[in-house]
Asks: 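Take a look at the following structure, please.
Computation of the quantities below employed the complete heavy-atom set of this structure, encompassing side-chain atoms and omitting hydrogens, waters and symmetry-equivalent molecules.
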Amino acid sequence: MTNPIEYLKGVGPIRADILKKEAGIFTFNDLLNYFPFRHIDRTQITYIRNITSETDYVQVKGKITSVEILGESRGRRLVATLDDGTGELELVWFQGIQWIQKSLHIGAPFIVFGKAGFFMNTPQITHPEMESLNAQNQAAKSFLEPVYPATEKLKTRGLGGRELGKLTFALLQMLSEKEVPENIPVIILQKFQLVKRFDAFKNIHFPACKEDYENAVKRIKFEELFISQMRMGILRFKRNTFSKGLVFSKVGSLFNDFYSGSLPFELTGAQKRVLKEIRKDVGSGRQMNRLLQGDVGSGKTVVALMAMLIAADNGFQSCLMAPTEILSFQHFESLKSMLKDLPVKVGLLTGSTSAKERKAILKATIEGEISILIGTHALIEETVQFQNLGLAIVDEQHRFGVAQRAKLWDKNKINPHILVMTATPIPRTLALTAYGDLDYSMLDEMPPGRIPITTVHRMQYARPQVMNFIKTEIERGRQAYVIYPLIEESAKLDFEDLMRGYEEVKAYFPEPKYYISMVHGRQKPAQKQANMNRFVKGDTHIMVSTTVIEVGVNVPNASVMVIESAEKFGLPQLHQLRGRVGRGSEKSYCILSTKVKLSAEAKQRLKIMCETNDGFKIAEKDLDIRGPGDVEGTKQSGLLNFKLANIVADRKILEAARIAADNIIDEDPGLVSTENYCLKNYFEQTKNKTAWSKIS
Ligand code: ADP
Ligand code: MG
């Protein structure tokens, strides 16, 4: 199967070259995996008298009874008549007239295929496919004919959709189950009524009927999902079993003092459960690799903090990596204040930390004086050395690539424990697929006392009312956000909008009665931070900003979020933005402001936002609307690019494949049993070709 494609009869070096360049077909196996995108049904012969205006593509068998050239210049055409004994069919060509005419002899038998139409009550086919009848070719095809995707180059070099079919046919003739061995254990095949692997490959190309084709597709989709789930499951198992982890054996005074003395609220049941899961991991002697999902406002930060206190209790340092400077700074401030009564030193390191400060922080970090280091991706730079990093936490995971995550791994001789936190809710099945190599915790409970955010949609012309509403909220002591989109493609116009918006808001809210902060990406980090801080402290009433505010920022006193041009945002982003309000005990509002004319999809998004506050419901809807390719947090993972399977449309198959894979890993993780031999064999054969080691 790994034979180079030029060894296939009928290919040779020149065509092989084109196949490689144009279709990525390098080996026999690649050709077998080059699937048709549709099939033509040539298994039936239709009688001409049965052709009606409803008929689509037909295949007819008959004899040529007349051939003539009609019309002038552009209307010039070749018209032939085919008779099958039940009626007459007209065949018409506007191109290649001379060449075709030569092959059409009166009385010659043909099988004709094409899209049937009617002209003056006579059935006809324009530019039919013709096959002259001979000894081997007496009847209809015994299988559906595949049509392959082919680029212009492939076509002009004689490797169009049909020729690819011929090559694949020839290849399949040579192959048997030996070359395409089964890789799914028989029990699973039976349980899910899946066809054998070799049959699936035969039938995805040359099925006898539609049902055979569908069974082949189902089998191959299942295989894709099952194999990927197996791979991740094995990875997870190996790590859980063999990887050495730092042992945090005790929960000490830092954790306990914080819990009883400093924690300003009772933990939710979900927070307690997740902390237990984390404690179990870090005490087990194996390395923790855990994904923590929790909707915006579910209280991930305090979970992270308490996990870091366990590390500190055991003499280990921790770091918390956040995607933006603003967020790093906020984490720093809030952790510092929560820890003010405890002997735990917290440090902050970002791109805008001054050289002098930086030097001091790096020193304190390597000497172990700093227990908790917070920062942006500045943390992963090589100059950042810890004395004994025990726990690395990545906040808002989707902003970081897998590679960046991996750099944190190496900051200690024994890999530190890893906790990845994400606030972009991903539907459970998707999370398990995309992050199947991580263990999974979920904060599925909001802190008590939250009053649901009321979300409304307003047209831009209603701005005066919106501004008045903000005014009444400010009079009640609250603060407000006004958010503008800033999209790369339209950065200049968007920036002008933001500035205009700022002036407008200022006109409604003049100084000195009101103060406004503005934050956007063109400001220097220090300026951004200063403006942000004034809002956090309550010195300003309104924050006008772009989406730099999107992630994590916490100002519980803010009760209004106005999102301008809300139609330009995707659902996850709208949900993230909205999560900036409703964080305190006050009733909060989100106003989605749009122009009047909206696309159907934009309307749908706005409607969903007004209907629900549940991030997971929104994520599901988003998945339905956009498909998985765009789901945040999955893009970089590259794990969701299956050839046939679509994890939205094929959710049921995915779930089945996951359960099947998990069962095997529970019962026979080493794949040593006879039933699982085929799987083991498959993994061994495909080992070197995969890049799975990169994932974790
Ligand atoms: P996120 O999960 O979005 O990161 P945060 O950790 O920022 O959420 O928490 C949101 C707000 O909820 C913060 O003000 C935090 O202090 C508060 N909070 C967290 N846990 C609880 C709890 N158990 N009870 C009450 N308030 C809580
Ligand atoms: Mg957060």
Asks: Not counting sequence neighbours, which residues clear side-chain contact (heavy atoms from CB on, under 4.5 Å) with Q173? List them please.
Replies: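 Q173 satisfies side-chain contact (heavy atoms from CB on, under 4.5 Å) with F169 only.
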Asks: With a 4.0 Å cut-off, would you call K155 and E152 a salt bridge?
Replies: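 Result for this pair is yes, salt bridge flagged.
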Asks: Applying salt bridge (charged side-chain N to carboxylate O under 4.0 Å, His left out), can you list everything that pairs with E381, at least two apart in sequence or on another chain?
Replies: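 If we apply the salt bridge (charged side-chain N to carboxylate O under 4.0 Å, His left out) test to E381, skipping adjacent residues, the hits are R358.
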Asks: I need the I184 CD1 to I227 CD1 distance, nearest 0.5 Å.
Replies: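 That separation rounds to 6.0 Å.
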Asks: Between Q59 (side chain only) and Q44 (backbone N and O only), is there a donor and an acceptor less than 3.5 Å apart?
Replies: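 Yes; judged by distance alone, with no hydrogens or angles, the pair exists.
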Asks: Which distance, rounded to the nearest 0.5 Å, do you find between the CG of L486 and the NZ of K568?
Replies: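 Those atoms lie 9.5 Å apart.
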Asks: Search all heavy atoms of I64 against all heavy atoms of M130 and return the closest pair with its distance.
Replies: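 Looking at all heavy atoms of both residues, the shortest contact is CD1-CE, 4.4 Å.
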Asks: Under the ring pair (Phe, Tyr, Trp, His ring centres under 6.0 Å) rule, what pairs show up with a residue in residues 174-203, not counting sequence neighbours?
Replies: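 Passing the test, one end in residues 174-203: F192-F222.
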Asks: Could you tell me whether R605 and E601 have a side-chain N and a carboxylate O separated by less than 4.0 Å?
Replies: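 Salt bridge flag = yes for E601 with R605.
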Asks: Just jot down the side-chain contact (heavy atoms from CB on, under 4.5 Å) partners of N415, sequence neighbours excluded, or say none.
Replies: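 Expected list: Q287, W409, D410.
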Asks: Taking all non-hydrogen atoms of both residues, which atom of F118 and which atom of S53 are closest, and how far apart?
Replies: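 Nearest heavy atoms, F118 then S53: CE1-N, 3.5 Å.
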Asks: Assess the residue pair V58 and F113 against the criterion (side-chain contact (heavy atoms from CB on, under 4.5 Å)); give the C-alpha distance rounded to whole Å, side-chain angles, the decisive distance to 0.1 Å, and a yes or no.
Replies: CA-CA 6 Å; V58 284; F113 178 82; over 6 Å; no
Asks: I need the minimum non-hydrogen distance between N183 and C678, along with the two atoms involved.
Replies: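 For N183 and C678, the tightest heavy-atom pair comes out as C-SG, 3.8 Å.
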Asks: Scan residues 189-205 for pairs that pass side chain to side chain donor-acceptor pair (under 3.5 Å), counting only residues two or more places apart or in two chains.
Replies: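 Every side chain to side chain donor-acceptor pair (under 3.5 Å) pair that includes a residue of residues 189-205, provided the two are not neighbours, is Y148-H205, E177-K196, R197-E223.
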Asks: Under the side-chain contact (heavy atoms from CB on, under 4.5 Å) criterion, do D84 and Y47 qualify, and how do the steps go?
Replies: CA-CA 7 Å; D84 71 348; Y47 288 133; 3.9 Å; yes
Asks: Residues in salt bridge (charged side-chain N to carboxylate O under 4.0 Å, His left out) with E179, at least two apart?
Replies: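 Checked E179 against salt bridge (charged side-chain N to carboxylate O under 4.0 Å, His left out); zero matches.
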Asks: Which residues pass the side chain to side chain donor-acceptor pair (under 3.5 Å) test with T65, sequence neighbours left out?
Replies: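 Listed in chain order: nothing, the list is empty.
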Asks: Just by distance, do the side chain of T55 and the backbone of I51 share a donor-acceptor pair under 3.5 Å?
Replies: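 No, because the side chain of T55 does not come within donor-acceptor range (under 3.5 Å) of the backbone of I51.
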Asks: Apply salt bridge (Lys or Arg N to Asp or Glu O under 4.0 Å) to residues E655 and R651 and explain how you reach the verdict.
Replies: CA-CA 6 Å; E655 190 66 13; R651 258 181 271 196; over 6 Å; no
Asks: With a 4.0 Å cut-off, would you call D56 and K115 a salt bridge?
Replies: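 Between K115 and D56 there is a salt bridge, with a charged N closer than 4.0 Å to a carboxylate O.
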Asks: Do R286 and T241 come close enough that some side-chain heavy atom pair is under 4.5 Å?
Replies: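 No - every pair of side-chain heavy atoms lies 4.5 Å or more apart.
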Asks: Going through the distances and angles, do I111 and L133 end up as a side-chain contact (heavy atoms from CB on, under 4.5 Å)?
Replies: CA-CA 7 Å; I111 282 192; L133 278 179; 3.6 Å; yes
Asks: Are Q229 and L654 packed together at the side-chain level, in the sense that at least one heavy-atom pair is separated by less than 4.5 angstrom?
Replies: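 Answer yes - side chains close enough.
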Asks: Do T151 and E22 meet the criterion of a side-chain donor-acceptor pair at a distance under 3.5 Å?
Replies: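 Looking only at side-chain atoms, E22 and T151 do form a donor-acceptor pair, the distance falling under 3.5 Å.
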Asks: Enumerate the salt bridge (Lys or Arg N to Asp or Glu O under 4.0 Å) contacts for residues 65-77, please, sequence neighbours excluded, ordered by first and then second residue.
Replies: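 Sorted pair list comes back empty.
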Asks: Roughly how far, to the nearest 0.5 Å, is the CZ atom of R219 from the CG atom of N215?
Replies: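 Between atom CG of N215 and atom CZ of R219 there are 12.0 Å.
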Asks: How far does NZ of K680 sit from CE of M230, to the nearest 0.5 angstrom?
Replies: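 It comes to 10.5 Å.
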Asks: Determine whether L104 and L78 make a side-chain contact, defined as any pair of heavy atoms from C-beta on separated by less than 4.5 Å.
Replies: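 Side-chain contact under 4.5 Å: yes.
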Asks: Between K221 and D650, is the closest basic N to carboxylate O distance under 4.0 Å?
Replies: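 Yes.
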Asks: Which side-chain N or O atoms in residues 91-102 pair as donor and acceptor under 3.5 Å with protein atoms at least two apart or in another chain?
Replies:
none

Asks: Donor-acceptor check, side chain of T86 to backbone of R49, threshold 3.5 angstrom: yes or no?
Replies: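 Judged by distance alone, yes, a pair lies under 3.5 Å.
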Asks: What I want to find out is whether E163 reaches R15 closely enough, with some N-O distance under 4.0 Å, to be called a salt bridge.
Replies: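 Judged by the 4.0 Å cut-off on N to carboxylate O distance, E163 and R15 do not form a salt bridge.
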Asks: Mark yes or no: K643 above the aromatic ring of F35, with NZ or CZ under 6.0 Å from the six-membered ring centre and no more than 45 degrees from the axis.
Replies: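 Flagged: K643 positioned over aromatic ring of F35.
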Asks: Salt bridge or not between K61 and E131? Use side-chain N to carboxylate O under 4.0 Å.
Replies: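 Salt bridge absent between K61 and E131.
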Asks: Is a side-chain N or O of D30 found less than 3.5 angstrom from the main chain of F26, in a donor-acceptor match?
Replies: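 The answer is yes, because a donor-acceptor pair under 3.5 Å joins these two groups.
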Asks: Mind checking whether E90 and V79 have side chains closer than 4.5 Å, heavy atoms only?
Replies: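 Yes, at least one pair of side-chain atoms sits under 4.5 Å.
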Asks: Using side-chain heavy atoms (C-beta onward) and a distance below 4.5 Å, is R236 in contact with D439?
Replies: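 When only atoms from C-beta onward are counted, D439 and R236 do touch, with a gap below 4.5 Å.
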Asks: In chain order, what residues pass the salt bridge (charged side-chain N to carboxylate O under 4.0 Å, His left out) check against K621, with sequence neighbours excluded?
Replies: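 Partners of K621 under the salt bridge (charged side-chain N to carboxylate O under 4.0 Å, His left out) test: none.
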Asks: Please report, to 0.1 Å, the donor-acceptor pairs under 3.5 Å made by any side chain of residues 661-673, with sequence neighbours excluded.
Replies:
| from | atom 1 | to | atom 2 | distance (Å) |
| --- | --- | --- | --- | --- |
| D662 | OD2 | R658 | NH1 | 3.3 |
| D668 | OD1 | L671 | N | 3.3 |
| D668 | OD1 | V672 | N | 3.0 |
| D668 | OD2 | V672 | N | 3.1 |
| D668 | OD2 | S673 | N | 3.0 |
| D668 | OD2 | S673 | OG | 3.0 |
| D668 | OD2 | N676 | ND2 | 2.8 |
| S673 | OG | N676 | N | 3.4 |
| S673 | OG | N676 | ND2 | 3.2 |

Asks: Could you tell me whether the side chain of P146 reaches within less than 4.5 Å of the side chain of T168, counting heavy atoms only?
Replies: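 T168 does not reach P146 side chain to side chain.
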Asks: Only distances under 3.5 Å count here; give the side-chain donor-acceptor pairs of residues 5-12 to other protein atoms, sequence neighbours excluded, each with its distance to 0.1 Å.
Replies:
| from | atom 1 | to | atom 2 | distance (Å) |
| --- | --- | --- | --- | --- |
| E6 | OE1 | K20 | NZ | 3.3 |
| E6 | OE2 | K20 | NZ | 3.2 |

Asks: Would a 4.5 Å heavy-atom cut-off, applied to side chains only, mark R38 and I40 as touching?
Replies: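 The answer is yes; the side chains approach within 4.5 Å.
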Asks: Check whether Y34 reaches the backbone of P149 with its side chain - one donor and one acceptor, N or O, closer than 3.5 Å.
Replies: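 Yes, Y34 side chain to P149 backbone: donor-acceptor pair under 3.5 Å.
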Asks: Would N29 and T27 count as having a side-chain donor-acceptor pair, cut-off 3.5 Å?
Replies: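 No donor-acceptor contact under 3.5 Å links the two side chains.
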Asks: Give the minimum heavy-atom separation between G351 and T376, together with the two atoms involved.
Replies: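 Scanning both residues, the minimum pair turns out to be N-OG1, 3.9 Å.
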Asks: Quick check: are there more than 12 heavy atoms from other residues, nucleotides or ligands sitting under 6.0 Å from CG of L70?
Replies: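 For L70, atom CG is crowded (more than 12 foreign heavy atoms under 6.0 Å).
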Asks: G114 and I125: which non-hydrogen atoms are nearest, and at how many Å?
Replies: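 Nearest heavy atoms, G114 then I125: CA-CG2, 3.7 Å.
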Asks: Please give me the minimum heavy-atom distance between F642 and S228, naming the atom from each residue.
Replies: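 Closest approach of F642 to S228: CZ-OG, 3.6 Å.
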Asks: Can you tell me how far the SG atom of C209 sits from the NE2 atom of H39, to the nearest 0.5 Å?
Replies: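 Separation between the atoms: 11.0 Å.
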Asks: Closer than 3.5 angstrom, by distance alone: can the side chain of E224 be matched with the main-chain N or O of A645 as a donor-acceptor pair?
Replies: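 Confirmed, E224 side chain pairs with A645 backbone.
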Asks: Can you tell me how far the CG atom of L32 sits from the CD1 atom of I204, to the nearest 0.5 Å?
Replies: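 It is 9.5 Å, given to the nearest 0.5 Å.
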Asks: With the side chain counted from C-beta on, respond yes when L679 and F226 share a heavy-atom pair under 4.5 Å apart, and no when they do not.
Replies: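 Touching, per the 4.5 Å side-chain cut-off.
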